[in-house]
Structure formats: C-alpha cells, structure tokens
> 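My questions will all concern the structure given below.
Values in this document were obtained by computation on a predicted structure and should not be read as measured data. The figures that follow rest on heavy atoms only: side chains count, while hydrogens, waters and symmetry mates do not.
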Amino acid sequence: MSAEHPVAAVPGDQTRIHNIGYRTYDGPRLGRSYATRSLYSQSLRGAYGLGRSVKSKVLPMLLFVVMCVPAAIMVAVAVATKAKELPVDYTRYAIIMQAVISLYVASQAPQSVSRDLRFKTVPLYFSRPIETADYVRAKYAALASALFVLTAAPLLVLYVGALLAKLDFTDQTEGFGQGLVSVALLSLLFAGIGLVIASVTPRRGFGIAAVIAVLTISYGAVSTLQAIADAQNSTGAIPWIGLFSPVTLIDGVQSAFLGATSAFPGAVGPTHGEGAVYVLVVLGLIAACYGLLLRRYRKVGL
C-alpha cells in the first residue's frame, strides 16, 4: 500500500510526497532463451498484423490471399477438366509470384526493425538478458518464417488439389517437396536482404522504397541483360548474369538441382557445376546478411 505524507502546507500550495513503495521482483527469471522466443513469436505475429490494429492486418493478409487465390483457381481448373498435371510446377509458382513476395518483404521488413530504430528502443532490449545475436536471430527467423508461410501455403493448396484431382501421388509429393526446399531458400535470402536494407534507416517509408528498388531493379536489369545475351547468341553468359539478382539466383538453384524448368531466356538454366556456384552464392549472401545485421545492431546497441 502506498503511504501519503503531506508536507507542511503553505496556503495555496498543493505539493505532496507519495511513498509508492517499490518492491523487488521475487518471481522466476526465465532468461535469454525465453526472451528470444518471445521476441520471435511477437515479430512473427506482427508480420501478419496479429495483435495490432486492423489497419496493420490489411496489407499482409491481402498479399497472403493474392498468393493463394491463383493456386486455388489452378486446382479448380485441373479438377474440372480432369487434367493429367497441374498448369504450373511447384518450383515455378514462387518465381511467377515474385512481385507479390517482393512487396510483402518491402512492407514487413521495415515494420520488423525500423520502429525499434526510430524510437531508439533497441538499447532497451539489450539492457535485459537478451544479446545482440539473440535479437538478430529472432528478427531474421521471424521474417523468414513469415515468408515461408506466405510462399508455402499456395504450394500446399496445389498439392491438396492435385491429390483431389487424383494425380500421381509420387510425382506430386516429389514436386511438393522440391517446391518447399526452393521457397525455404527464397525465404531466407529475401528476409536477409530485406532486413539489412531496412536496418539502415529508421524511416519506414524509405525502407519500403529501398527494398522494392533493390529487388525489382536487380531483377529487371538481370532479365534485360539475359535477353540481350540470348539475342546475340551468347547463351553461355546467361547463367552467369543470373547471379546478380535474388530471384534469378533461386531460379538457377532450383533449375540446376530441383528439376525445375528455368525461366531464363531460352530456358538456358545453369549446369550442375554452375548450379554449385549458385548455391554457394545464395548461402554466402544469407551468411553475409546475418553478419551485417549483427554488425549494425552492435553499433546501435552501444
């Protein structure tokens, strides 16, 4: 209970001293792992607007629906026409919908980190048992998980629809598994790039514009150069040009090792040797993004 001790009052003086009785916390201390898991779960929920205002839910939920609706339409057509295969391979779906995925990353990566930078709350996280690496891992894992949900959900719709259409179970299961591997790599790569760009500025609008610019301009430039190389019959250069865009990197990996048909001009995907370079570049970029985030937040947390 708080005790109130009035001071000798001067006429017209309303000053009071309040003894609020602060007490120390004697309950359980759950430590770093609990704090990291809590930050992960809250960041993952926030990526879809859960626990936030209705306005914050509109865009991520709308993009989720936009990702799934084409898959549902394809399934309906396959069932109605009794098709022998799906209109689109599992590994191709994310490449076709890469504009929606890029927009989701651009909207949610700044949401995940920019507010902490803008309101200077990052040092408050580090005043508790949580450390820089815990913060970065939680944020990275949360956005990658949210992206995996976004990209894997339509594949699940396709898979269930294919089974309902009585397509070959073995072929569909194999294709579904290959698609999951592909979107898992895509989720890790896009999440890392989005968070690195968003962590540079506390302004959410600038972060959104920068992420969109990097993902769309790189893809447009690489696609244009590949088309020029194909027109000049320089087909050997096409796979190497694809190393300079996140979308074409994933395309190259899945066409080299996951049996996907390449979206490169002339369907000239990388060979297994070139595909190994693609895998190394993808893994190197993921590791580099994690390292850059660690460096950035070590400075911010000082």
Side-chain angles (χ1 to χ4, degrees), residues 44 47-48 60 63-79 81 83-105 108 141 143-194 215 219 223 239 242 245-264 267-272 274-276 278-279 281-283 285-286:
L44 178 56
Y48 284 96
L63 293 176
F64 182 84
V65 171
V66 170
M67 281 291 294
C68 293
V69 165
I73 294 173
M74 292 176 190
V75 164
V77 171
V79 172
T81 60
K84 300 298 182 182
E85 60 183 15
L86 292 172
V88 174
D89 292 337
Y90 294 97
T91 48
R92 289 282 300 137
Y93 193 86
I95 302 300
I96 294 172
M97 303 295 289
Q98 56 89 17
V100 179
I101 299 170
S102 298
L103 184 58
Y104 182 86
V105 176
Q108 298 309 312
L143 185 57
S145 299
L147 272 170
F148 184 75
V149 171
L150 181 77
T151 52
L155 301 188
L156 182 60
V157 172
L158 288 174
Y159 180 64
V160 172
L163 297 184
L164 291 175
K166 298 181 180 179
L167 302 183
D168 185 76
F169 175 79
T170 303
D171 290 344
Q172 297 305 315
T173 302
E174 181 183 1
F176 179 58
Q178 291 170 341
L180 290 180
V181 172
S182 175
V183 297
L185 279 175
L186 182 147
S187 300
L188 287 169
L189 181 60
F190 276 47
I193 292 173
L215 293 178
Y219 179 68
S223 298
S245 166
V247 177
T248 52
L249 273 172
I250 299 301
D251 192 333
V253 170
Q254 65 183 22
S255 61
F257 297 111
L258 299 177
T261 302
S262 177
F264 292 175
V268 182
T271 62
H272 286 300
E274 294 165 341
Y278 271 70
V279 172
V281 171
V282 169
L283 296 179
L285 281 174
I286 292 171

> Applying side-chain contact (heavy atoms from CB on, under 4.5 Å), can you list everything that pairs with Leu249, at least two apart in sequence or on another chain?
Leu189, Leu243, Tyr278, Val281, Val282, Leu285
> Ser245: which residues meet the side-chain contact (heavy atoms from CB on, under 4.5 Å) condition with it, sequence neighbours left out?
Ser218, Tyr219, Val222, Val247, Thr248
> Restricting to non-hydrogen atoms, name the atom on Pro60 and the atom on Tyr104 that form the minimum distance, rounded to 0.1 Å.
CB-CE1, 3.9 Å
> Kindly write out the residues that satisfy side-chain contact (heavy atoms from CB on, under 4.5 Å) with Thr81, not counting sequence neighbours, or none if the list is empty.
Val77, Ala83
> Are Pro246 and Leu215 close enough that some pair of their side-chain heavy atoms sits under 4.5 Å apart?
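With C-beta onward as the side chain, the pair touches.
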> Which pair of heavy atoms, one from Pro239 and one from Gly269, lies closest together, and at what distance?
CG-O, 4.2 Å
> Apply side-chain contact (heavy atoms from CB on, under 4.5 Å) to the pair Met74 and Val88, showing each step before the final yes or no.
CA-CA 8 Å; Met74 292 176 190; Val88 174; 3.6 Å; yes
> Would you mind writing out the side-chain donor-acceptor pairs for residues 89-103 within the sub-3.5 Å range, not counting sequence neighbours?
unit_1	atom_1	unit_2	atom_2	d
Tyr90	OH	Gln172	OE1	2.7
Tyr93	OH	Met67	O	2.4
Tyr93	OH	Ala71	N	3.2
Ser102	OG	Gln98	O	2.9

> Can you measure from SG (Cys68) to CG (Leu158) and round to the nearest 0.5 angstrom?
9.5 Å
> May I have all residue pairs that pass side-chain hydrogen bond (donor to acceptor under 3.5 Å, both in side chains) and include part of residues 145-159, sequence neighbours excluded?
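Sorted pair list: Tyr40-Ser145, Tyr159-Thr173.
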> Heavy-atom distance under 4.5 Å between the side chains of Pro154 and Pro70, does that happen here?
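Not in contact.
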> Among all residues two or more places apart in sequence or in another chain, which pass the ring-ring contact (aromatic ring centres under 6.0 Å, His included) test with Phe64?
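Here no residue qualifies.
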> For residues 174-188, please give each side-chain donor-acceptor pair under 3.5 Å, one per line with the distance, not counting sequence neighbours.
unit_1	atom_1	unit_2	atom_2	d
Gln178	NE2	Leu258	O	3.4
Ser182	OG	Gln254	OE1	2.4
Ser187	OG	Phe148	N	3.2
Ser187	OG	Val183	O	2.7

> Is the side chain of Asp251 donor-acceptor paired with the backbone N or O of Ala263 at a distance under 3.5 Å, no angle test?
yes
> Give a yes or no on whether the backbone of Ala146 and the side-chain of Tyr48 come within a donor-acceptor separation of less than 3.5 Å.
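Flag set: sc Tyr48 to bb Ala146 pair under 3.5 Å.
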> Excluding sequence neighbours, so at least two apart, what forms side-chain contact (heavy atoms from CB on, under 4.5 Å) with Val65?
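Testing Val65 for side-chain contact (heavy atoms from CB on, under 4.5 Å), a comparison that skips the adjacent residues, returns Val69.
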> Minimum heavy-atom separation for Ala191 to Leu147, with atom names?
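Looking at all heavy atoms of both residues, the closest pair is N-CD1, 3.7 Å.
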> Determine whether a donor-acceptor pair (N or O, by modelled atom type, separation under 3.5 Å) exists between the side chain of His272 and the backbone of Phe257.
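Not a single qualifying donor-acceptor pair exists.
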> Of the non-hydrogen atoms in Pro270 and Gly252, which two are nearest, and what is the gap between them?
CG-O, 3.3 Å
